[in-house]
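Report on the structure given below.
Fair warning: this is a prediction, and the values are worked out from it, not measured in the lab.
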Amino acid sequence: MTVPNHNIDTPSDRSDATPSETQPDILIVDDTPENLRLLTRMLTKRGYKVRQAKSGIMALQAVAALPPDLILLDIMMPGMDGYEVCQHLKANPQSAEIPVIFLSSLNGVLDKVKAFQMGGADYISKPFQLEEVISRVQNQLVLVSAQRQIRQLNAELEARVRRRTAQLERANQHLQREIEEHQRTQEVLIHMAFHDALTKLPNRALFLEKLYGALARLQADASEGFAVLLLDCDRFKVVNNSLGYSVGDELLKAIGQRLGSALGERDTLARLGGDEFAILLDGIGNLDRAVGVAEDLLSEFSKPFHLRQHEVYINASVGIVLGAADYEQPEDLLRDADTALYRAKALGKGQYHIFDPELHQFAIQRLQLETDLRRSLNDRGFMVYYQPIVALSTGKLAGFEALVRWQHPTRGLVSPAEFIPVAEETGLIRALGIWVLEEACDRLRTWQQQGVGSDLTMSINLAVQQLLQRNLLDQIDRLLADTQLDPRCLKLEITESALMENGEAAIAILHQLRSRGIQLSIDDFGTGYSSLSYLHRLPVNTLKIDRSFVKRMDGKSGNMGLVPAIINMAHTMGISAIAEGVETPQQFAQLQNLHCDFGQGYLFGVPLNCQLATELLQSQPRWRPQSPASRSHTKIYSDPISAI
């Protein structure tokens with residue numbers, strides 16, 4: 001019918017055929033001997049069993065004798081063409097499922113459409129490419145195999161269904177018993193879902209449900225008053241860390257039992273999680289009973305808890321909120337009770353605090369402050385101010401302390417006393433602290449390059465969160481390398497309390513900083529109750545006398561307090577002393593007579609912005625305690641915010 005393409009790749013030398021255990025049987029129907037020979041050789045080398053038919057009649061006879069797995073069928077044949085052959089095959093149920101691939105030189109769309117209308121599975125145009133034929137044959141045989149597997153699986157499934165039907169009939173007898181058991185299990189699960197597994201008390205979900213009911217009753221009847229108490233144990237983590245979690249669990253159970261015994265039958269006690277308990281006092285008209293219960297509960301905590309071989313004392317703080325009809329959700333009551341609890345802890349722990357709507361407003365303002373703080377960190381809304389540090393023996397400028405200032409976009413300058421605690425609590429102090437380090441070191445290096453600050457030191461506060469930050473040393477090394485600043489010009493200030501609270505970890509970091517040549521100063525010295533033996537272990541250069549001690553000095557020898565002792569202690573240890581808060585010439589003179597090394601305070605200058613600090617440097621100021629007019633050096637440098 002048509003001559004095959006002689007440019008095709010005839011893989012006579014290929015030996016990659018991988019016949020399966022059952023060779024697929026393919027019938028080739030074509031009146032052209034060359035096509036038959038070429039297709040037969042190609043398919044045989046692929047591991048297929050191949051039969052041939054040179055006419056439509058022979059094809060129907062071959063199929064009737066032994067149905068093949070696949071038929072390659074030419075269309076243009078004498079006598080019966082391929083369309084008629086396919087029509088006969090599809091009309092016979094014995095051969096209707098055999099896939100037929102037409103091979104024809106007819107390339108018209110209508111010819112192909114007719115082939116598929118007759119039931120053809122695929123259509124290959126002549127002259128054909130052998131790889132195309134192989135690919136399409138493989139695809140059809142895969143489909144044939146899949147259909148056989150489906151039929152087999154269907155048969156197996158039907159058998160299984162019959163077996164399962166019998167099994168289900170037997171299982172139905174057991175089902176009723178399972179349903180009854182499930183109902184009992186469901187009751188147990190419901191109880192578990194609404195009760196704490198450790199203390200067996202109601203949990204947060206059940207407490208909120210009870211609270212929702214109390215709120216609904218109050219909204220319907222104003223006489224149905226209630227109060228919510230939120231109780232949190234103080235320093236519970238210490239018990240877990242020192243005695244172990246099993247003792248901590250035992251303590252929580254004992255706390256639950258003791259709290260429950262102090263409440264009435266109508267009251268609901270729940271464990272919300274961790275060491276936090278909630279109490280719903282139902283049927284009260286005012287705060288008197290709520291306050292009385294809170295006092296009773298705190299009194300219960302004054303007694304020791306006897307746990308196994310341990311006697312444990314623990315305090316608690318309580319937040320109180322009185323139910324009101326304008327509350328919409330029970331979660332709002334818990335929120336306000338938590339706000340009051342937070343306030344009780346802030347006031348010193350071991351006490352109760354009653355919620356005031358102003359507390360909620362304060363919480364919202366604090367959240368807004370945190371949001372603004374984060375935004376300003378990204379938008380560079382901060383500035384570094386520089387407060388002079390003076391060598392008291394000469395009255396000359398010895399350095400600056402870098403102090404951060406926040407220029408809020410709407411509020412103006414925000415006091416550090418307001419935003420520094422928020423930065424410390426949220427962890428933003430780490431990013432803020434490294435930014436101040438970068439700005440201050442870069443400024444000092446600029447002054448040195450301008451020839452006005454070659455002998456200056458730059459003192460920078462280091463928060464405890466920064467001190468314990470893993471990559472602190474890497475950050476400082478990179479900063480010094482970038483600015484080319486001599487490490488000896490950098491003085492890091494750490495508060496005495498931060499060193500006392502973090503012990504060995506802090507000391508290890510200080511030694512590494514000191515090994516780099518960086519100077520170290522203990523800030524607010526005298527307020528942290530550190531021992532002399534502890535001080536000797538610290539690689540510090542300077543003790544910074546807290547302003548509260550300097551403030552008591554009034555020029556009289558009897559009013560110098562601990563200042564002389566601190567100065568002598570520093571000199572005995574071979575380190576220098578800086579007095580903070582120097583505000584009067586009399587204090588200057590007294591400190592000079594005590595041989596205090598450095599002074600800092602409003603007498604010498606308030607914190608200055610970069611421009612004013614540069615002008616002060618260029619003026620080469622010198623302060624003398626004998627001259628009251630010496631303060632004129634600082635009058636023009638005004639700052640509405642006190643040094644922090």
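- V228 has its side chain within reach of F207: a pair of non-hydrogen atoms, C-beta onward, lies under 4.5 Å apart.
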Evaluate K303 against E311 for salt bridge (Lys or Arg N to Asp or Glu O under 4.0 Å), listing each step before the verdict. CA-CA 10 Å; K303 308 170 188 175; E311 185 178 72; over 6 Å; no
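- Between the side chain of N541 and the main chain of L520, a donor-acceptor pair closer than 3.5 Å is present.
- The CD atom of E504 sits 4.5 Å away from the CD1 atom of I507 when rounded to the nearest 0.5 Å.
- The two residues I255 and F277 come nearest to each other via the heavy atoms CG2-CE1, 3.7 Å.
- Within the structure, the ring pair (Phe, Tyr, Trp, His ring centres under 6.0 Å) test picks out no pair touching residues 474-499 (sequence neighbours left out).
- In terms of the side chain to side chain donor-acceptor pair (under 3.5 Å) criterion, D338 has no residue partners (sequence neighbours excluded).
- In this structure, the separation between CZ on F301 and CZ on R258 is 7.5 Å, given to the nearest 0.5 Å.
- Side-chain atoms of Q351 come within 3.5 Å of backbone atoms of L347 as a donor-acceptor pair (strictly under, hydrogens ignored).
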Stepwise, does the side chain to side chain contact (heavy atoms under 4.5 Å, CB included) test hold for I518 with K491? CA-CA 6 Å; I518 297 170; K491 181 177 288 188; over 6 Å; no
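- Within the 4.5 Å cutoff, the side chain of L229 has no heavy atoms near those of the Y352 side chain.
- In terms of modelled atom types and a separation under 3.5 Å, the side chain of Q484 and the main chain of A481 share a donor-acceptor contact.
- E493 places no side-chain N or O within 3.5 Å of a backbone atom of I460 that could act as its donor or acceptor partner.
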Quick one: do I522 and I494 satisfy side chain to side chain contact (heavy atoms under 4.5 Å, CB included)? Show the steps, please. CA-CA 5 Å; I522 299 181; I494 304 98; over 6 Å; no
Please evaluate residues H353 and I320 with respect to the criterion side chain to side chain contact (heavy atoms under 4.5 Å, CB included), reporting the C-alpha separation (whole Å), side-chain torsions for both, the decisive distance (0.1 Å), and the verdict. CA-CA 6 Å; H353 194 82; I320 305 173; over 6 Å; no
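- Shown here for P607 and R405, the closest heavy-atom pair between the two residues is CG-NH2, 3.4 Å.
- Shown here is H511, whose NE2 atom has more than 12 heavy atoms of other residues, nucleotides or ligands within 6.0 Å.
- The side-chain heavy atoms of L617 and L397, taken from C-beta on, include a pair separated by under 4.5 Å.
- In this structure, CD in Q448 is found 9.0 Å from CE in M458, a value given to the nearest 0.5 Å.
- You'll find the side chain of L373 reaches within 4.5 Å of the side chain of F382, heavy atoms only.
- Checked by atom type and distance alone, the side chain of Q465 pairs as donor or acceptor with a backbone atom of E424 at under 3.5 Å.
- Put simply, the side chain of R622 gets close to the backbone of T394: a donor and an acceptor are under 3.5 Å apart.
- To the nearest 0.5 Å, atom OG of residue S459 and atom CD of residue Q387 are 10.5 Å apart.
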Given the rule in the side chain to side chain contact (heavy atoms under 4.5 Å, CB included) test, do L403 and V384 qualify, once you have shown the distances and angles that lead to the verdict? CA-CA 6 Å; L403 301 166; V384 177; over 6 Å; no
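- Comment: R411 engages E418 in a salt bridge, judged by a side-chain N to carboxylate O separation of less than 4.0 angstrom.
- Counting only heavy atoms from C-beta outward, the side chains of R375 and E370 never approach each other to under 4.5 Å.
- For S317 (side chain) and G350 (main-chain N/O), a donor-acceptor pair under 3.5 Å exists by modelled atom type.
- The salt bridge (Lys or Arg N to Asp or Glu O under 4.0 Å) contacts involving residues 432-456 comprise nothing, where partners must be two or more places apart or lie in separate chains.
- Considering all non-hydrogen atoms of both residues, G581 and V550 come closest at O-CG1, 3.8 Å.
- In this structure, CG in N315 is found 8.5 Å from CG in L298, a value given to the nearest 0.5 Å.
- Screening residues 560-579 for side-chain hydrogen bond (donor to acceptor under 3.5 Å, both in side chains) gives T542-S576, H571-D597 as the qualifying pairs, with residues at least two apart or on separate chains.
- Within the structure, every pair that satisfies the salt bridge (Lys or Arg N to Asp or Glu O under 4.0 Å) test and touches residues 475-489, not counting sequence neighbours, is listed here: D477-R516, D486-R488.
- In terms of heavy atoms, L252 sits closest to D275 at CD2-CA, 3.9 Å.
- Ion pair E276/R271 not flagged as a salt bridge, since none of the NZ, NE, NH1 or NH2 atoms sits closer than 4.0 Å to an Asp/Glu carboxylate oxygen.
- Among pairs with a residue in residues 436-493, those fulfilling ring pair (Phe, Tyr, Trp, His ring centres under 6.0 Å) read Y386-W447, F400-W447, at least two apart in sequence or across chains.
- Proximity of a side-chain donor or acceptor of D546 to a complementary backbone N or O of F549 within less than 3.5 Å is not detected.
- In this structure, the side chain of Q592 does not engage the main chain of F588 through any donor-acceptor pair within 3.5 Å.
- Shortest non-hydrogen contact noted between K544 and D523 is CD-OD1, 3.4 Å.
- Side-chain atoms of V404 and I420, non-hydrogen and from C-beta on, do get closer than 4.5 Å to each other.
- Smallest separation of non-hydrogen atoms from I314 and L251: CD1-CD2, 4.0 Å.
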Please evaluate residues R335 and E331 with respect to the criterion salt bridge (Lys or Arg N to Asp or Glu O under 4.0 Å), reporting the C-alpha separation (whole Å), side-chain torsions for both, the decisive distance (0.1 Å), and the verdict. CA-CA 6 Å; R335 176 202 64 202; E331 290 85 356; over 6 Å; no
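- Under 4.0 Å is where a charged nitrogen must lie from a carboxylate oxygen, and between K551 and E580 no such pair does.
- With rounding to the nearest 0.5 Å, the separation of SG in C489 from CG in L456 is 8.5 Å.
- S619 places a side-chain N or O within donor-acceptor distance of the main-chain N or O of L616, the cut-off being under 3.5 Å.
- V390 is not listed as a side-chain neighbour of L603, based on a closest heavy-atom distance of 4.5 Å or more.
- No side-chain heavy atom of T483 sits under 4.5 Å from any side-chain heavy atom of L444.
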